[in-house]
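Numbering starts at 1 and runs along the sequence shown.
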Amino acid sequence: MGNDQFRINRRVLLGGMTASAMAGAMPAWAKAPALPAAPVVITVMDVGGALALIQPAFEDYAKTYPERASRIIFTKAPVTELAGKLKAQQSAGRVDIDIVLTGSDGLAAGLANETWLKILPDFADTFPGIEENYEPAALALHKAQGDGYGVVVNYYPSGPLIEYDPERVKKVPTSAEELLAYAKENPGRFMYARPTNSGPGRTFMMGLPYILGDKDPQDPVNGWDKTWAYLADLGQYIDYYPAGTGATMKEFGEGSRDIIISTTGWDINPRALGIVPETAKIGTLKGFHWVSDAFFMCMPKGIADDKAAVVLDLMAFLLTPKAQAYSYDEGYLYPGPAVKNVPLSMAPQHSQDVIKQFGREEYAGLIANNPIELPLKPDKMVLAFRKWDELVGSKKSK
C-alpha cells in the first residue's frame, strides 16, 4: 500500500470550526453526534489504494441513504502529502477532507502530526460488536495499529514474497543468503521499492528481522543489526529504488528485472491485469513470517458535527458483510475482507472469476501454516523509514 494508491490497473493507470477551536480540535461529544436533518457532501481522500477495493461500497451507501449523503467526492494523493495537507487545513480552520483511507504509513504520519480524531472508544455506540466481528488478525491490527484513531476496513496477510519469472530464474532463492548471492551474481536483476511508499517494500523491510533472526523484530533502532547490514549489502546490486510498487511490477513485466518483492495482492492483481505474465511464480525465504497489513479509515480533527455523524455512520456501513465483499476486487489485497463471514461467494462474479483464475492454491497453506506478525507500531515505523533512507536509500537515487 502506501503510494501504491496509483495501483496498476485500468482504472488508475489511465490515469466549519474557527482556528482557535481547531487548536484543541477535540469534540465535546459523549457519543456520535446526531445525523443531520439535511444531506451533506462527504469528501474521501485515499492515500493508499483502498478505493480500488471499496469505492462501490461508498457508492452503495450514497444510494441507500441519500438523506444522509447527497454526494461523495473521491480524491487521491500521495501518502507523503497527507500530513502536511491536513495540518495546513486545520491551522487555517477549514478542513475539507472528511474521511481518509490510508495504510499504516499514513496512519503513522497523521498520529505524529496529531491530525486524527480518536474514534474508539469515544464513538463505540456507532460500532456495536466491532471486535467480535473482525477476523482475528484484522482485530490484532485494529488494536495494535489503529489505537482508536484508525478503524481497519480491509486486511491481508501481505508478505514478504519473492516473485520471479521461472523462465529466467532457474535456481530460485529459498533463503536470504541465496537471494543475496543471486543479486550479486545477477546485478540489477533484483528490485524492490522504497518502503516509505510501497507495501511490498515495507513488508520486506519488516519481514527480514524474522527471516534473519534479528534481536528484536519490533525495534528497528536497537534490534535490527542484521537487517540493516543485509539491506546495505543487497543494495550494492540494486540499480535504484522506485518510488512505488507499480514501477517494480512494470519493469518485471517488461523483463528488465527477474525477481521482485511482492505480496499476495501485488502477485494476483498485476497478473490479472496483464502487467505481469500469468506464468510468474512466488516463493518465500527460509524463516518466513507473514507481516500483515491493512487499510484504515481515519477522521481528521476539525470536521463539522453534521459531517462527523455521517462519516461515523458510513464507517459502520463499510464494515457490513455486503460492503466488505467488494474487497475481493481483482485480488489487489487478497483476500481483503476484515470481518468474519464474508466468503468469496458473496463477491461480485467478476471478482470470483479473477480469484479463481489468478489466485494460488498454495496461499491457503501458507496462511494457515506460517506465523502472522503485526507490522511495526506507527512511531516505530516512522523510525524504520528514516533508518532505511539513511542507511540504504541514500546510497542510491534515480
Residue Glu114 excluded, over 12 heavy atoms near CD under 6.0 Å: no
Under a 4.0 Å threshold between the charged nitrogen and the carboxylate oxygen, would Lys63 count as salt-bridged to Glu59? no
Give me the atom names and distance for the closest heavy-atom approach of Leu141 to Pro375. CD2-CD, 3.2 Å
Is the backbone N or O of Pro217 less than 3.5 Å from a side-chain atom of Asp214, with the two atoms forming a donor-acceptor pair by type? no
Using the ring centroid of each side chain, check whether Phe296 and Trp116 are separated by less than 6.0 Å. no
When you check the side-chain N and O atoms of Ser158 and Thr203, is any donor under 3.5 Å from an acceptor? yes
Side chains of Tyr326 and Asp60: is there a donor and an acceptor less than 3.5 Å apart? yes
So, does Thr248 use its side chain to make a donor-acceptor pair with the main chain of Thr245 at under 3.5 Å? yes
Donor-acceptor pair, Gln218 side chain versus Leu374 backbone, under 3.5 Å? yes
Any link between Phe74 and Ile99 through a network of hydrophobic side chains (Ile, Leu, Val, Met, Phe, Trp, Tyr) touching at under 4.5 Å? yes
Would you find more than 12 non-hydrogen atoms of other residues, nucleotides or ligands less than 6.0 Å from Arg71 atom CZ? no
Say you draw a straight line from OG1 of Thr227 to CG of Leu234; how long is it, rounded to the nearest 0.5 Å? 11.5 Å
Output yes when a side-chain donor or acceptor of Asp46 lies under 3.5 Å from a complementary backbone atom of Gly48, and no otherwise. yes
Tell me yes or no: between the side chains of Thr263 and Tyr156, is some donor less than 3.5 Å from an acceptor? yes
With sequence neighbours left out, the residues meeting ring pair (Phe, Tyr, Trp, His ring centres under 6.0 Å) with Phe288 are Trp290
Full working for side chain to side chain contact (heavy atoms under 4.5 Å, CB included) between Leu51 and Leu101: CA-CA 8 Å; Leu51 281 178; Leu101 301 174; 3.8 Å; yes
Just wondering, are more than 12 heavy atoms of other shown residues or ligands nearer than 6.0 Å to NZ in Lys340? yes
How many angstroms lie between CG in Asp165 and CZ in Arg257, if you round to the nearest 0.5 Å? 14.0 Å
For Tyr334, all residues meeting ring pair (Phe, Tyr, Trp, His ring centres under 6.0 Å), sequence neighbours excluded: none
Between Tyr134 and His142, how do the two ring planes meet: parallel, tilted or perpendicular, split at 30° and 60°? tilted
Considering residues, nucleotides and ligands other than Lys87, do more than 12 of their heavy atoms fall under 6.0 Å from its NZ? yes
Ala347 backbone acceptor or donor facing Gln352 side chain under 3.5 Å: yes
Asp389/Ser394 under side chain to side chain contact (heavy atoms under 4.5 Å, CB included): CA gap, chis, key distance, verdict: CA-CA 6 Å; Asp389 286 343; Ser394 64; over 6 Å; no
Please tell me whether Leu161 and Ile372 are part of a single hydrophobic cluster in this structure, the criterion being side-chain heavy atoms less than 4.5 Å apart. yes
Say you draw a straight line from CG of Leu35 to CG of Leu312; how long is it, rounded to the nearest 0.5 Å? 9.5 Å
Take atom CG in Asn369; do more than 12 heavy atoms of anything else shown fall under 6.0 Å from it? yes
How long is the span from the CD1 atom in Ile238 to the CZ atom in Phe190, to the nearest 0.5 Å? 5.0 Å
Strictly below 4.0 Å, N to O, side chains only: are Lys377 and Asp147 in salt-bridge contact? no
